[in-house]
Amino acid sequence: MQKEILQKLEKRLGTIHARQRLGIETDKEQHVFGGGLNFFHPENWYSIHSLIRYTLRITGFYGRGWRNTLNIHVRNNDILLDNLPPEFDGYTILHMSDLHADMNPPAMEALINTVGELEYDICVLTGDYRAQTSGSFERVLQEMETLCENLSSPVYGILGNHDSIRMLPDMESMGIQMLLNEQVSLHSGEESISLAGVDDPHYYRVDNVEKAAENIPPDNVSLLLSHTPEIYRQAAHAGFDAMFCGHTHGGQICLPGGVPITLDAKLPRHMGKGAWRYNSMQGYTSAGAGTCIVSVRINCPPEITLHRLRCA
């Protein structure tokens, strides 16, 4: 099986990327400390998951927090761009992140019911499809296949720090075009803009912004998918006009007013959720549609976002 998946990945990604990603996954599997952009990785410390769940139960927050996971908000975000071709004015991108699809089936059902009512031109997925960071992923693939049956094409995606590169062939067989340090052209009439995506920058650190951007025409509007906003500097200086990301869950369990206790990322706190700007690049960090570690949301509802490109 290992040889078979390696052959598939080498054919799809090239020998270096495929072997690098597989090797790093094996080396870093379930590390709690060290590696990645930050030092502490609570998603890999499974004993603390039970402690958090128990604490929420005895304090009475668990039930309400779980019910909140089913109330998925649809956000709207306009992105004004000076050099956007008129044919793309109003072009709508459905953005979903951090589904952790195998963790909370009722939440996935709520998500499917929500997206079925939306209109958009393309859908983008910014990583973290499974709940665990290692082990089997058959169940998450089943959940993702059901979701994809309810999405309008085309669908583009990238991988996050919870995802294995071994999932790639199955994800693409569902109709998701994965962008792993790659780019594609989006067309409307006779005009085009560029969409690029990088492999996970947070934990596996296999992102390559330079490679993702190298074939983008200099005058094209360019959009970047990254699992985490932590590479905002690299993206902005590479010339991207906008960046869509997730990873932070907006904090998931927040203080009143939506103040996050932790974002599990090295970045300015204002980039932890919603729209932001760095130099001339606009960014948006999704609070995520799913949950991580425990299936609760407190003062931070799950979300999906409709980004509308507008001529400035």
Side-chain angles (χ1 to χ4, degrees), residues 5 9 12-14 16-44 95-102 124-135 137 140-141 144 156-172 176-183 195-213 223-235 238 240 243-249 263-267 271-272 283-286 288-290 292-293:
I5 191 67
L9 293 174
R12 168 65 179 82
L13 299 173
I16 294 177
H17 189 172
R19 297 195 176 200
Q20 179 191 48
R21 183 60 143 91
L22 279 171
I24 292 173
E25 279 188 28
T26 302
D27 292 343
K28 289 192 171 186
E29 207 167 60
Q30 294 184 303
H31 284 194
V32 176
F33 300 102
L37 288 177
N38 58 349
F39 180 70
F40 179 46
H41 306 285
E43 68 274 13
N44 293 336
H95 174 201
M96 297 190 289
S97 192
D98 301 276
L99 307 182
H100 301 284
D102 53 339
V124 298
L125 308 170
T126 50
D128 273 9
Y129 308 103
R130 68 174 177 178
Q132 305 286 4
T133 56
S134 62
F137 46 77
V140 70
L141 292 176
M144 288 301 300
Y156 301 94
I158 56 174
L159 295 178
N161 59 294
H162 280 246
D163 304 318
S164 171
I165 195 70
R166 297 174 180 87
M167 298 163 58
L168 177 65
D170 292 300
M171 297 282 285
E172 293 201 319
I176 305 172
Q177 183 170 348
M178 302 298 286
L179 300 175
L180 302 182
N181 306 324
E182 299 164 314
Q183 68 91 20
L195 176 69
V198 292
D199 202 350
D200 173 51
H202 176 75
Y203 185 66
Y204 296 114
R205 302 188 70 178
V206 282
D207 58 302
N208 189 329
V209 174
E210 181 181 359
K211 183 180 177 184
L223 314 174
L224 178 66
L225 307 181
S226 169
H227 176 59
T228 173
E230 291 166 290
I231 59 167
Y232 63 93
R233 290 188 184 89
Q234 297 95 309
F240 284 99
M243 175 177 171
F244 306 133
C245 43
H247 176 68
T248 67
H249 289 240
L263 294 171
D264 189 31
K266 294 178 66 176
L267 75 169
M271 294 182 179
Y284 190 93
T285 305
S286 172
C292 182
I293 298 180

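Fair warning: this is a prediction, and the values are worked out from it, not measured in the lab.
- Evaluated for a side-chain contact (heavy atoms from CB on, under 4.5 Å) with I165, the options V206, L9, D200, I24 yield exactly one hit, L9.
- When all heavy atoms of A289 and L99 are compared, the pair lying nearest together is CB-CD2, 3.8 Å.
- When only modelled atom types and interatomic distance are considered, N208 and H17 share no side-chain donor-acceptor pair under 3.5 Å.
- For the atom pair E230 CD and D207 CG, the distance stands at 10.0 Å (nearest 0.5 Å).
- A donor-acceptor contact shorter than 3.5 Å links the side chain of D163 to the backbone of G160.
- At most 12 heavy atoms of other shown residues, nucleotides or ligands fall within 6.0 angstrom of atom CD in E210.
- Listed here is the closest heavy atom pair of T133 and Y204: O-OH, 3.9 Å.
- For an aromatic pair to be called close, the ring centres must be under 6.0 Å apart, and H100 with H162 satisfies this.
- By the side-chain hydrogen bond (donor to acceptor under 3.5 Å, both in side chains) test, E182 is found to be paired with R12, residues two or more places apart in sequence or in another chain being considered.
- Distance CG/L224 to CE/M243: 5.5 Å, rounded to 0.5 Å.
- With N181 contributing its side chain and V198 its backbone, the two residues share no donor-acceptor pair below 3.5 Å.
- Taken from CD1 in I158 to CG in L225, the straight-line distance is 5.0 Å, to the nearest 0.5 Å.
- Each of C245, S226, P229 was compared with P201 under the side-chain contact (heavy atoms from CB on, under 4.5 Å) criterion, and only S226 meets it.
- In plain terms, the two heavy atoms of G157 and Y129 that are nearest each other are CA-OH, 4.0 Å.
- In this structure, SG on C292 lies 9.0 Å from CD on Q132, to the nearest 0.5 angstrom.
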TODO: I would like to know whether H227 and D199 meet side chain to side chain contact (heavy atoms under 4.5 Å, CB included); could you show each step before the answer?
DONE: CA-CA 8 Å; H227 176 59; D199 202 350; over 6 Å; no
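- For the pair L267/T228, no side-chain contact is recorded, criterion being any heavy-atom separation below 4.5 Å from C-beta on.
- A donor-acceptor contact shorter than 3.5 Å links the side chain of T285 to the backbone of M271.
- A distance of 7.0 Å separates OG in S164 from CG in L22, rounded to the nearest 0.5 Å.
- Smallest separation of non-hydrogen atoms from M144 and A101: SD-CB, 4.2 Å.
- R21 places a side-chain heavy atom less than 4.5 Å from the side chain of L159.
- Counting all heavy atoms, side chain and backbone alike, H202 lies closest to D264 at CE1-O, 3.4 Å.
- Distance check: L223 CG to H95 NE2 gives 11.5 Å after rounding to the nearest 0.5 Å.
- The two atoms that bring Q183 and A212 nearest to each other are CB-O, 3.5 Å, heavy atoms only.
- If you run side chain to side chain donor-acceptor pair (under 3.5 Å) between H247 and each of T126, N161, D98, only N161 comes through.
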